[in-house]
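What you see below is based on every heavy atom in this structure, not just the backbone, and it leaves out hydrogens, waters and symmetry mates. Both counts, for ligands and for their atoms, begin at 1 and track the order of listing. Numbers here are sequence positions counted from 1. Since the model is a prediction, treat every value here as computed from it, not as a measurement.
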Amino acid sequence: MCGIFGFVSKKPVTGIGNMLQALKKLEYRGYDSTGIAVVTQKGIYSQKKAGRISKLEPFLDKKVLGSVFIGHTRWATHGKPSDKNAHPHFGCDNKIQIVHNGIIENYKSLKHELEGRGHRFKSDTDSEVFAHLVEEFLGRKNGSEIRYFEEAVRLSLKRIKGAYAFAVIHQNYPKVIIVAKNSSPLLIGLSDQAKYIASDPIALLRHTRKVIYLNDQELAIVTPDQLKISTLQNKEILRKYQEVSWSEDAVRKTGFTHFMEKEIFEEPEAVENAIRGRLIVSQGLAKLGGLESVRQKLESVKRLIITACGTAFFSGLVGEYMLEEFAGLPVEVESGSELRYKRSPFDDKSALLAVSQSGETADTLGSIKEIKKTGLLTLGLVNTVGSSIARETNAGVYNHAGPEISVASTKVFISQLAVFALLTLFLGRQRSMSKNMGKLIASELTLIPRKLRTILESSVYIKRVARKYFKYNNFLFLGRKFNYPIALEGALKLKEVSYIHAEGYGAGDMKHGPLALIDENFPSIVIAPKDSVYDKVVSNMEELKARKGKIIIITTSGNKGLDKLADEVLYIPKTIEMLTPLLTVMPLHLLAYYMGVFRGHDVDKPRNLAKSVTVE
Ligand code: F6R
């Protein structure tokens with residue numbers, strides 16, 4: 001949903017190279033156009049172009065000297081990807097330039113008003129109104145005092161409705177970036193030589209690990225020597241920096257062809273990192289430090305509402321099966337985009353759990369804010385430390401999976417499943433789960449990383465299956481009970497990276513409709529570990545076979561009973577039923593990845609998508 005990066009340095013530097021490197025780290029947020037602006041002694045130097053960063057690069061003069069740099073990589077919302085719609089956007093005389101991540105909901109009426117005052121617009125975007133608003137409020141007060149510039153930005157922010165992270169520069173202020181945030185993420189990095197602004201800490205790792213997150217409706221004046229954070233009402237805020245612990249290797253491909261491939265191969269490590277130090281196997285207990293402050297409240301919770309989007313939503317569905325069966329806790333899973341507008345009745349024995357890799361998804365965040373108004377306890381299951389969802393919720397659990405760069409989520413999905421298993425232990429042992437059951441779940445969970453590594457050893461075979469099937473245009477994914485959400489996840493992943501039409505369905509529901517699609521050209525991928533619904537799923541496969549459907553089966557190693565039904569069989573090691581999703585999903589991630597590669601797509605950056613969806 002657009003990436004913003006910028007910096008103000010103490011001395012003038014030729015910083016375009018650094019800017020582009022940082023913007024490339026943010027390309028996962030949007031990659032349909034790119035632009036940069038630099039305040040130089042002769043005025044503002046800026047360039048923008050439709051397309052990826054590499055398209056803009058040849059047009060840039062990398063020798064340009066300046067102390068203030070801002071850049072943007074776009075994911076279009078208003079106005080198609082084109083040179084004129086790329087950021088930065090200018091006021092009438094180009095002295096003010098802005099980059100924006102978000103949506104200005106009332107831009108039409110503002111544009112109409114500003115046009116009435118003589119402003120001329122050059123793009124079809126909502127963002128451009130902000131540059132004109134600042135210009136309008138600044139009027140002729142173009143003196144060198146920062147307070148005029150600050151006040152104009154503050155007044156402009158008060159006029160707009162919607163989500164934003166803005167960076168604003170002005171030709172007459174060669175040492176200042178003004179930034180502001182509401183719903184879209186923005187943080188400030190501190191170093192001795194410069195101050196940085198970015199949408200995500202991964203863009204800052206080469207420069208600094210000291211970061212300050214802005215909160216909603218805050219504005220900051222960023223200069224090399226000063227950082228002033230204030231509310232829109234101009235109440236000054238003092239905030240200490242936090243240290244980012246991610247390593248730089250985490251944001252490099254380190255020998256893999258794509259980040260998606262690297263991140264699937266990191267799935268065993270993602271589970272290890274999620275459970276490290278959090279299990280007391282001999283007691284059958286889980287220790288979740290982030291929930292200690294609300295431990296007592298959690299004891300009396302009678303209903304859990306899980307909210308999330310996309311892949312994180314599917315992890316929530318697996319969580320529902322785990323928590324209901326093993327912790328005896330009633331659970332509902334609601335899409336973030338729906339829950340925020342639903343008027344569901346909640347009593348004070350309910351709690352909300354938001355699941356999100358980025359911690360910035362607007363729909364999920366919107367639901368939390370809505371539900372908080374009812375006074376409910378809110379929890380987060382988040383990967384990005386310090387993100388908006390982490391800060392907005394009362395308590396929570398981090399994944400510790402490290403940064404996930406590929407747009408399609410893989411290692412964080414598996415890590416979310418591992419945390420749901422921990423949560424099941426934590427809440428289950430507070431309720432009726434026996435110590436023996438706790439010990440079984442805990443000990444089996446510790447074995448999952450090793451079992452995932454054995455699946456990786458069969459990646460060559462999975463690649464061969466992908467090569468055989470990548471030209472098919474439709475796939476049905478079927479699973480039941482714990483593996484029903486895995487069928488949904490498998491289908492989503494295939495769609496995203498290979499653009500093949502895929503449907504995820506409950507194996508038992510197939511006969512209520514999708515079966516009509518099946519013929520020899522419509523293969524099915526069936527998740528059928530040896531579990532409590534295995535026999536039912538085998539019957540469903542018989543129904544597919546009777547319609548000449550090809551079947552790729554994922555089942556438990558040692559199960560030789562499927563040879564007659566299967567066109568291909570992928571095996572996973574044995575584990576307890578509740579944990580099978582952690583193993584069955586890995587072959588599906590690999591299949592989707594290889595099919596996307598065989599189809600010739602940029603699997604890390606699927607068309608039309610962006611990693612962090614900070615608009616509605
Ligand atoms: C799919 C995918 C998306 C995200 C969804 C929520 O592979 O990555 O469906 O899961 O946009 O994102 P987060 O988890 O950041 O809230």
For atom 10 (O) of ligand 1, the protein heavy atom that lies nearest, with its residue and separation: T311 N, 3.2 Å

Under 4.0 Å to a heavy atom of K493 - the qualifying atoms of ligand 1, by number: 1 (C), 7 (O)

NZ or CZ of R599 within 45° of Y499 ring axis and under 6.0 Å: no

Test ring-ring contact (aromatic ring centres under 6.0 Å, His included) applied to H100 and Y164, step by step: CA-CA 6 Å; H100 171 223; Y164 56 78; 7.3 Å; no

Minimum-distance protein heavy atom relative to atom 14 (O) of ligand 1: Q357 N, 2.7 Å

Other residues, nucleotides, ligands: >12 heavy atoms within 6.0 Å of Y461 OH: yes

Closest approach of any protein heavy atom to atom 5 (C) of ligand 1, naming residue and atom: C309 O, 3.5 Å

Short side-chain to backbone donor-acceptor contact, R278 and A274, under 3.5 Å: yes

Ionic contact status for R239 with E218, cut-off 4.0 Å: yes

Y398 side chain reached by N383 side chain, heavy atoms, under 4.5 Å: no

Heavy atoms of other groups near K372 NZ, more than 12 under 6.0 Å: yes

Considering all heavy atoms, the nearest V318-P581 contact: CG1-CG, 3.9 Å

Flag if over 12 foreign heavy atoms under 6.0 Å of NZ, K369: yes

Sub-3.5 Å N/O-N/O distance, T364 and ligand 1: no

Element-labelled atoms of ligand 1 that are located less than 4.0 Å from some non-hydrogen atom of G310: 9 (O)

Heavy atom of L609, distance to ligand 1 below 4.0 Å: no

Distance from atom 11 (O) of ligand 1 to nearest protein heavy atom, with residue and atom: V613 CG2, 4.1 Å

E496 neighbourhood, listing ligand 1 atoms whose heavy-atom distance to it stays under 4.0 Å: 1 (C), 2 (C), 7 (O)

Minimum-distance protein heavy atom relative to atom 13 (P) of ligand 1: T361 OG1, 3.2 Å

Ligand 1 to S358 polar contact by distance, N or O atoms, under 3.5 Å: yes

Atoms in ligand 1 flagged as close to V407, the criterion being non-hydrogen separation under 4.0 Å: 8 (O)

For A408, the ligand 1 atoms whose distance to one of its heavy atoms is below 4.0 Å: 7 (O)

Ligand 1 atoms in contact with A312 (distance to a heavy atom under 4.0 Å): 10 (O), 14 (O)

